[in-house]
Colleague: 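I am attaching a structure below and will ask some questions about it afterwards.
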Amino acid sequence: MLQLFLLSLVTCQILIGVTSQKLPDKFPRCKQEDPNISECIKKAAYAVIPQLKDGIPSLGVPSLDPLKASSLDIDQGQGPIALKTKFTNVSVAGLSECKVSSSEIDLKKYTMRFRGEMEKVTFDADYEMNGRVLLLPVTGKGRCRLSVSHLKGLLDLKGKVLMKKNKNHFDITHSTLDLYSIEKLESHFYNLFNGDKALGESMNTLLNENWKELWDFLKPAFDEAFGAIIHQYSRGIFNKVPFNDIFLE
C-alpha cells in the first residue's frame, strides 16, 4: 500500500481499523531490489492519487477531496500577527491534485523522503479569533476561507521493522512535515468585529496585503497538525499491511 502512504504528504485520512487485505490489481507496485525504486514510487503515485478523490471502499479509505478535520488551535503571542485562533469543522479541498515531484527511499534504513506540489488548496472552517494584526486589535467569530496557491511540501519518515503474526511490518516511529513554500495566500474571515462590515473589510484587506506574515503565523501549526495526521494514519496502514505486500520481493 505504498502508494496510499505517499498521500500522507497531503494528509490523506485512512481508517486505521481496516483489516489487512490485498491491494487492488490496478495499483502499481515497486520491487524492493529495483535500483530505481525511488523513481518507480514517484510514477506509481501519479496513478494512485486521482483514485483517492472519492475514496476506496474496499480498503476503508474515505474521500480524499475534501479532507475533513475536527479542529486546529493556534496561539502565538509574538510577531506582526499575534492571535489566539481556533478553527473547527475544517474542510480541505484540492488534495487529490497533488503531484509527487520526487522521492528518496532507503529500505535498509527504513527512511523515506517525499516532495509534493499542489496548484491550489482551499481551507474552509469555522473560526474564533482574538488578538492583534500589525498592532491593530482584531476579534471575530464565523466562517472563513483560506486559498493557498502553488503549495510545496517535504515529508520525512523514519521507521523500524515490526514483527506481527510472523510477518514483517514497517513501523513508522518519526515523521516531519514541512510546507516550505507557497506562491500566495488569499483569505477572508466573515463576521469580524461582530459583523461590522467596514472594519471587517478593512481587516481582510490588511491580511491579504500582508499574506506572507499571515502564512508565517499559520505555517508552524499547519505543519504540526497535519504532520500528526500523517503519522497516525500512515502508521496505521503499515501496521496492518505486511512489508512484502507493500514492497514486492
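In this chain, numbering begins with 1 at the start of the sequence shown.
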Colleague: Which value, rounded to the nearest 0.5 Å, describes the distance between Asp75 atom CG and Lys86 atom NZ?
Modeller: 11.5 Å
Colleague: Return a table of donor-acceptor pairs under 3.5 angstrom between the side chains of residues 202-211 and protein atoms on other chains or two or more places apart.
Modeller:
{"unit_1": "Ser202", "atom_1": "OG", "unit_2": "Ala198", "atom_2": "O", "d": "3.0"}
{"unit_1": "Asn204", "atom_1": "OD1", "unit_2": "Phe189", "atom_2": "N", "d": "2.8"}
{"unit_1": "Asn204", "atom_1": "ND2", "unit_2": "Phe189", "atom_2": "O", "d": "3.0"}
{"unit_1": "Asn204", "atom_1": "ND2", "unit_2": "Gly200", "atom_2": "O", "d": "3.1"}
{"unit_1": "Thr205", "atom_1": "OG1", "unit_2": "Glu201", "atom_2": "O", "d": "2.9"}
{"unit_1": "Asn208", "atom_1": "OD1", "unit_2": "Ser187", "atom_2": "N", "d": "2.9"}
{"unit_1": "Asn208", "atom_1": "ND2", "unit_2": "Ser187", "atom_2": "O", "d": "2.8"}
{"unit_1": "Asn208", "atom_1": "ND2", "unit_2": "Asn204", "atom_2": "O", "d": "2.9"}
{"unit_1": "Asn210", "atom_1": "ND2", "unit_2": "Leu206", "atom_2": "O", "d": "2.8"}

Colleague: Say whether, by atom type as modelled, one donor and one acceptor occur between the side chain of Thr139 and the main chain of Phe193 under 3.5 angstrom.
Modeller: no
Colleague: Which value, rounded to the nearest 0.5 Å, describes the distance between Ser38 atom OG and Arg113 atom CZ?
Modeller: 12.0 Å
Colleague: Below 4.5 Å, heavy atoms only, C-beta onward: do Ile37 and Glu39 meet side chain to side chain?
Modeller: no
Colleague: Kindly say whether the aromatic ring centers of Phe123 and Phe222 come within a distance under 6.0 Å.
Modeller: yes
Colleague: To the nearest 0.5 angstrom, please state how far the OG atom of Ser103 sits from the CD1 atom of Ile105.
Modeller: 4.5 Å
Colleague: Just checking Gln32: does its CD atom have more than 12 heavy atoms from other residues, nucleotides or ligands closer to it than 6.0 angstrom?
Modeller: yes
Colleague: About how many Å separate CD of Glu117 and OG of Ser102, when rounded to the nearest 0.5 Å?
Modeller: 9.0 Å
Colleague: From Ile74 CD1 over to Thr85 OG1, what is the distance, rounded to the nearest 0.5 angstrom?
Modeller: 6.0 Å
Colleague: Can you name the salt bridge (charged side-chain N to carboxylate O under 4.0 Å, His left out) partners of Asp178, sequence neighbours left out?
Modeller: Lys219
Colleague: Rounded to the nearest 0.5 Å, what separates atom NZ in Lys184 from atom OG in Ser147?
Modeller: 11.0 Å
Colleague: At their closest point, which heavy atom of Asp65 faces which heavy atom of Ser96, and how far apart are they?
Modeller: OD2-OG, 2.7 Å
